[in-house]
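This report refers to the structure that appears directly beneath it.
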Amino acid sequence: MNIKLGILGATGKVGSELLKLLENWPESKLTLSVPPVLFGTEKSAGKKILFKNQELEVKNSIPENFEGLNVLISCANGEVSEKLVPEALRRGVKLVVDTDSFYRMDPDVPLVTIGVNDEDLDWHKGIIAGPNCSTAQLVLPLKALHKAFGLKRVVVSTYQSVSGAGKKAMDELLQQTRSSIESGDLTETETQRKLIREQFAFNVIPKISKILDSGYSKEEWKVVVETRKMLHSPDLAITCTAVRVPVLVGHSESVNVQLLNSFSLQEVTEVLKNHTGIKLWDDKDSYPMPTDVAGSEPVHVGRVRVDESAENALDLWVVADNLMIGAALNALRIAEVAAQRHKIWSKGKKET
Ligand SMILES: NC(=O)c1ccc[n+]([C@@H]2O[C@H](COP(=O)([O-])OP(=O)(O)OC[C@H]3O[C@@H](n4cnc5c(N)ncnc54)[C@H](OP(=O)(O)O)[C@@H]3O)[C@@H](O)[C@H]2O)c1
């Protein structure tokens, strides 16, 4: 299969992870006919990025530059997706994999985490969206439990790293940390707060993205509605509190799940262990943390225990590299699985 891949947002955090993955991606799984074509802002145009010992030049993201591509992974931002994804499709791109939130809840766009709802790829009409990073790692163990025991209710609290907000947020955390230590005042970072009004360093911020009229943040809302969409459970009882913590890479989640059917701890661990994409930490003395998972592919699940306070309930601790499973790896796998299922060139119909 003759794939000419473009990466929109190639100079960002997700874009650089994608390029790293592509350097070692087995050709048998996704054959690119030429090196990927890289796109950034006008400011980055002309910049050179090394890929397999070859210098690739970043192009300006203007619609004409999408001519000749057939697959585009878009990892810039919502405004860019809104404007440029239709332009890419108009210029002959057959499949856009969008990591941003703009198209995720569009009923005509499948929202896919590979290992959860691969079959939804089949009805795409040109765009397939990947979920929010905190949803992507949550939905994998939820899918495994849902399939085996049925989900009744989910309560999730996230501990999200700053890389979830891109490379500028990572730079800000590092700058704030350095200057706080140098000045000896751990809260004196006014001049280094550019992205959000709160300080990232030495802090825990119970608000990611804007607060909606409901009182939930946009990030919390995304976790709720995207989980329901991917699990095909529009009425699933699920609530979320999303929190930013001063970690560079790796989101963690405390997840309380109430199941419809009774279970034994052994059955649950078997189900989780055998689900694709999950690494289960079932030794009581070890548990996954962001420092263990940066750069790794699976979703790590540990601290699995029975919650005695409610019927058929259990607690889990879920950790993953948000740039991988939450964005770059999932996007690449979507393209790969769509190619394997012959769904890049043929667009399907949504089953009703
Ligand atoms: N970070 C995560 O964990 C994560 C997880 C899931 C989904 N996502 C989604 O992935 C996307 C990228 O996130 P990120 O963390 O990689 O952000 P980032 O580090 O801030 O990178 C943003 C990228 O978009 C490019 N860009 C910005 N404005 C543009 C424009 N007007 N035209 C063309 N390119 C433009 C930037 O180019 P320049 O370098 O030239 O400015 C850069 O390459 C976002 O939509 C985000 O919602 C991120």
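Start at 1 and go down the list; that is how both ligands and their atoms are numbered.
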Just distances here: any N/O of Thr99 and N/O of ligand 1 closer than 3.5 Å?
-> yes
Check: of Asp100, Leu8, Leu38, min heavy-atom distance to atom 46 (C) of ligand 1 comes from Asp100
So for Ala136 against ligand 1, with non-hydrogen atoms under 4.0 Å, the contacting part is neither
Taking only non-hydrogen atoms of Lys43 and a 4.0 Å limit, the atoms of ligand 1 in range are 41 (O)
Near Gly164 (heavy-atom distance under 4.0 Å), the atoms of ligand 1 are 1 (N), 2 (C), 3 (O)
Review point. Take atom CD in Glu79; do more than 12 heavy atoms of anything else shown fall under 6.0 Å from it?
Key: no
- Enclosure of Lys207 NZ (heavy-atom neighbours >12, cutoff 6.0 Å): yes
So the atoms of ligand 1 within less than 4.0 Å of a heavy atom of Leu323 turn out to be 1 (N), 2 (C), 3 (O)
For Leu56 and Pro36 the tightest heavy-atom approach is CD1-O, 3.6 Å
Contact region, Glu79 to ligand 1, non-hydrogen atoms below 4.0 Å, reads neither
Is the number of heavy atoms from other residues, nucleotides or ligands under 6.0 Å of Arg303 CZ greater than 12?
no
Taking only non-hydrogen atoms of Asn322 and a 4.0 Å limit, the atoms of ligand 1 in range are 3 (O)
A student checking ligand 1 against Val80 at a 4.0 Å heavy-atom cut-off should list atoms 28 (N), 29 (C), 30 (C), 31 (N), 32 (N)
**Asked** Would you say the side chain of Thr227 lies within less than 4.5 Å of the side chain of Leu236, judging by non-hydrogen atoms?
**Response** yes
Heavy-atom proximity to atom 22 (C) of ligand 1 ranks first, among Gly9, Ala76, Gly78, for Ala76
Polar-atom distance check: Gly12 versus ligand 1, any N or O pair below 3.5 Å?
yes
Candidates Gly326, Gly250, Ser163; heavy atom nearest atom 2 (C) of ligand 1 found on Ser163
Ligand 1 atoms nearer than 4.0 angstrom to some heavy atom of Ser44 are 38 (P), 39 (O), 40 (O)
Within the supplied structure, the quantity of interest is the number of heavy atoms (other residues, nucleotides, ligands) at a distance under 6.0 Å from Lys52 NZ; does it exceed 12?
yes
For Thr11, the atoms of ligand 1 under 4.0 Å from one of its heavy atoms are 36 (C), 37 (O), 38 (P), 39 (O), 40 (O), 42 (C), 43 (O)
ask   = Above 12 or not: heavy atoms from other molecules or residues under 6.0 Å from CD of Glu67?
value = yes
Contact check, side chains of Pro63 and Arg91, non-hydrogen atoms, under 4.5 Å: yes
For Asn77, the atoms of ligand 1 under 4.0 Å from one of its heavy atoms are 27 (C), 28 (N), 45 (O)
Would a 4.5 Å heavy-atom cut-off, applied to side chains only, mark Phe149 and Leu260 as touching?
no
So for Ser61 against ligand 1, with non-hydrogen atoms under 4.0 Å, the contacting part is side chain
When only distance counts, is Lys13 in polar contact with ligand 1, meaning an N/O pair under 3.5 Å? yes
**Message:** Can you confirm if the NZ or CZ of Lys279 lies within 45° of the ring axis of Trp281 and under 6.0 Å from the centre of its six-membered ring?
**Reply:** yes
Q: Report yes if Ser101 has an N/O atom closer than 3.5 Å to an N/O atom of ligand 1; otherwise report no.
A: no
**Q.** Glu311, CD atom: more than 12 neighbouring heavy atoms under 6.0 Å
**A.** no
